[in-house]
Amino acid sequence: MSFPLLTATAALPAIGAVATAAVPAARRTAAKWLALVVSLATLVLAGIALARFEPGGDRFQLTESHAWIKDFGVRYELGVDGIGVALMALTALLIPFVILAGWHDADPLETNSSRWRPTQGFFALILMVEAMVILSFEATDVFLFYILFEAMLIPMYFLIGGFGDRAHTGSDENAAAQRSYAAVKFLLYNLVGGLIMLAAVIGLYVVAGSFSLSEIAEARANGTFSMATSTERWLFLGFFFAFAVKAPLWPLHTWLPNAMGEATAPVAVLITAVVDKVGTFAMLRFCLQLFPEASKWATPVILVLALISIVYGALLAVGQRDIKRLIAYASISHFGFIILGIFAMTSQGQSGATLYMVNHGISTAALMLVAGFLISRRGSRLIADYGGVQKVAPVLAGTFLIGGLATLSLPGLAPFVSEFLVLVGAFAAYPAVGIIATTGIVLAAIYVLVLYQRTMTGPVKAEVQGMADLKARELVVVVPLIALLLFLGVYPKPLTDIVNPAVRHTMSDVQKKDPQPEVEAAK
């Protein structure tokens, strides 16, 4: 029996979470180091899985299958395609940076040594989220995926509500109320989506007799399983609604700015760069694979919603006064691009959407974490409270600029490649949609450059006069992310080689081919 690599990759952070939580209360530093070591070991296992994955091999690789709940046909089935293994590696890559960036976020409050937040719990919750997200990218049993999809809400709820941002302009009581509101809103939105999905999961089992993706695909290929058109559409809507909440797609997006604004910067990265990717990933793995005809039926409406997300999110980002909420609305716009690429139903669009998931995770992590370092120094999230930072902290300003330029998809940085492919795929299938989507690029340039101008340039405000530049720990967080943005920006081939075969399988599921360009015959 081969080594269960996928199980080990998810189990290690789960075990590490329990061990971190068990560290004695007085040994907070030991808990931090334990969490960091576990996250690095998980990254090594994810790297091994990535190295062992063969892009030209079977669709699902490194598979594991064991009986779980026999009476209901539920199995513990794991496997990764190119999309799943790329996102698994992204998750394992980002968590060590999240831990390092949040090194002091759960330390005792300097203003009152008798009040302190449980450091062990903070890092244990981060590791638990990592375990659940990684396992969700590996799950090929629909019921197993659903359990993970819902369970990851619990640690995220406590991370948002219990470890909020200290840079709050109001009183402590108001800050606690805002954190509680953001956490409850996050939980309720996602729980409602999950409950609707549960009804669809049960419906799928009733009509298919199985939760296994491989068994359903085999039965469909053999002609022994088919769904009535109306049944398939209702089940698709149940799945898609839950994924659209998680994604987040307009108009189900309103929980995200609250959650990211009130959470610490590392937890905000965990939300948008890690957890939210489960929603867009699931659209590719479950919506398109299980309900191909319904996916094509719903495409026009979904493309309209994606366009609204792109433009609406970018417009609201332009008008924001809060740095973190600006990044949150920018992420809503970016998720609109990802969903546009998925449902353009072209190979370029879906390849671009998958690359966008990875590149958005890296670029948002870089920008948000540097923004977190900036906010922790000044103690304010308001853009108006800054000015002239580049004169007193040039390295901080420079890294902030690179993260911002990556967010607006500057050529030479990783997000440009993915956004370009999404727009090419959209133009090929729906030219009008592609034209409207390009307005998101223009608006992105506005909100990023205005943010940089107002915070980093101009006269040095008195409140930032003595601001310290990035320290060694903070550079360890930021520099590798920027290096990845540059590397994948000029050489995305290692990632596209992994992703493209999985995209071809998805295109085959929905029986779509890329539209051929019309060429006029020579006269």
Side-chain angles (χ1 to χ4, degrees), residues 6 46-47 49-63 79-93 137-138 140 213-214 217 277-278 280-290 292 295-296 299 334-335 337-363 409 411-430 434 484-485 487-517:
L6 297 186
L50 189 63
R52 289 183 56 184
F53 184 82
E54 298 178 6
D58 295 336
R59 179 172 189 174
F60 293 108
Q61 300 179 33
L62 308 174
T63 55
V80 287
D81 60 0
I83 300 169
V85 77
L87 293 175
M88 181 183 72
L90 170 70
T91 302
L93 173 70
F137 291 140
E138 300 171 346
T140 55
L213 284 179
S214 58
K277 298 299 187 298
V278 176
T280 47
F281 162 79
M283 291 179 188
L284 282 166
R285 171 162 287 187
F286 297 103
C287 286
L288 270 61
Q289 185 172 345
L290 291 173
S295 297
K296 290 185 283 188
T299 288
H334 296 150
F335 274 102
F337 275 107
I338 294 171
I339 296 170
L340 173 63
I342 293 172
F343 284 91
M345 301 287 187
T346 60
S347 58
Q348 300 98 329
Q350 292 189 357
S351 293
T354 306
L355 292 179
Y356 216 132
M357 287 187 242
V358 176
N359 295 332
H360 172 263
I362 300 170
S363 62
S409 299
L413 296 173
F416 169 77
V417 179
S418 42
E419 195 165 280
F420 176 78
L421 286 173
V422 166
L423 290 173
V424 167
F427 271 111
Y430 305 96
L484 271 174
L485 290 173
F487 175 76
L488 293 176
V490 298
Y491 190 62
K493 187 175 184 297
L495 194 53
T496 56
D497 286 347
I498 293 172
V499 165
N500 285 341
V503 168
R504 286 194 289 271
H505 284 296
T506 304
M507 291 287 290
S508 176
D509 289 335
V510 294
Q511 298 179 350
K512 294 284 286 185
K513 294 183 179 179
D514 291 330
Q516 298 299 314

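Residue indices begin at 1 and follow the sequence shown. Just so it is clear, the structure is predicted and the values come from calculations on it, not from any experiment.
Here the closest non-hydrogen pair linking Ala429 and Thr346 is CB-CG2, 3.8 Å. Scanning both residues, Gly352 and Val422, for their nearest heavy atoms gives C-CG2, 3.6 Å. Between Ser409 and Glu419, the shortest heavy-atom distance links the atoms OG-OE1, 3.1 Å. Closest heavy-atom contact between Asn359 and Leu485: O-CD2, 4.4 Å. The two atoms that bring Thr280 and Met357 nearest to each other are OG1-SD, 3.2 Å, heavy atoms only. Counting all heavy atoms, side chain and backbone alike, Leu6 lies closest to Gln61 at CD1-O, 4.2 Å.
We find the CG-CD distance between Asn500 and Gln348 to be 9.5 Å, quoted to the nearest 0.5 Å. Taking CD from Gln350 and CG from Leu421, the interatomic distance works out to 12.0 Å, rounded to the nearest 0.5 Å. Atom-to-atom distance recorded for Leu340:CG and Leu423:CG is 7.0 Å, nearest 0.5 angstrom. Rounding to the nearest 0.5 Å places CG of Leu413 at 14.0 Å from CZ of Phe487. Put simply, CD1 on Ile362 and CG on Leu93 are 6.0 Å apart, with the number rounded to the nearest 0.5 Å. Separating the CD1 atom in Ile83 from the CD1 atom in Ile498 is a distance of 11.5 Å, to the nearest 0.5 Å.
You'll find the side chain of Ile338 stays beyond 4.5 Å of the side chain of Met283, heavy atoms only. Contact of the Leu288 side chain with the His505 side chain is not registered, since no non-hydrogen atoms from C-beta on lie closer than 4.5 Å. Leu495 places a side-chain heavy atom less than 4.5 Å from the side chain of Leu355. Side-chain contact between Arg285 and Asp81 is present, with at least one heavy-atom pair separated by less than 4.5 Å.
Remark: side-chain polar atoms of Thr91 are paired, donor with acceptor, to backbone N or O of Leu87 under 3.5 angstrom. Using a distance-only test at 3.5 Å, with no hydrogens or angles considered, a donor-acceptor pair links the side chain of Ser295 to the main chain of Cys287.
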Evaluation steps, side chain to side chain contact (heavy atoms under 4.5 Å, CB included), between Lys277 and Phe335:
CA-CA 9 Å; Lys277 298 299 187 298; Phe335 274 102; 3.9 Å; yes

Test side chain to side chain contact (heavy atoms under 4.5 Å, CB included) on His360 and Ser418; report intermediate values, then the result.
CA-CA 9 Å; His360 172 263; Ser418 42; over 6 Å; no

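Ring pair Phe137/Phe281 is perpendicular by interplanar angle, where above 60° counts as perpendicular and below 30° as parallel.
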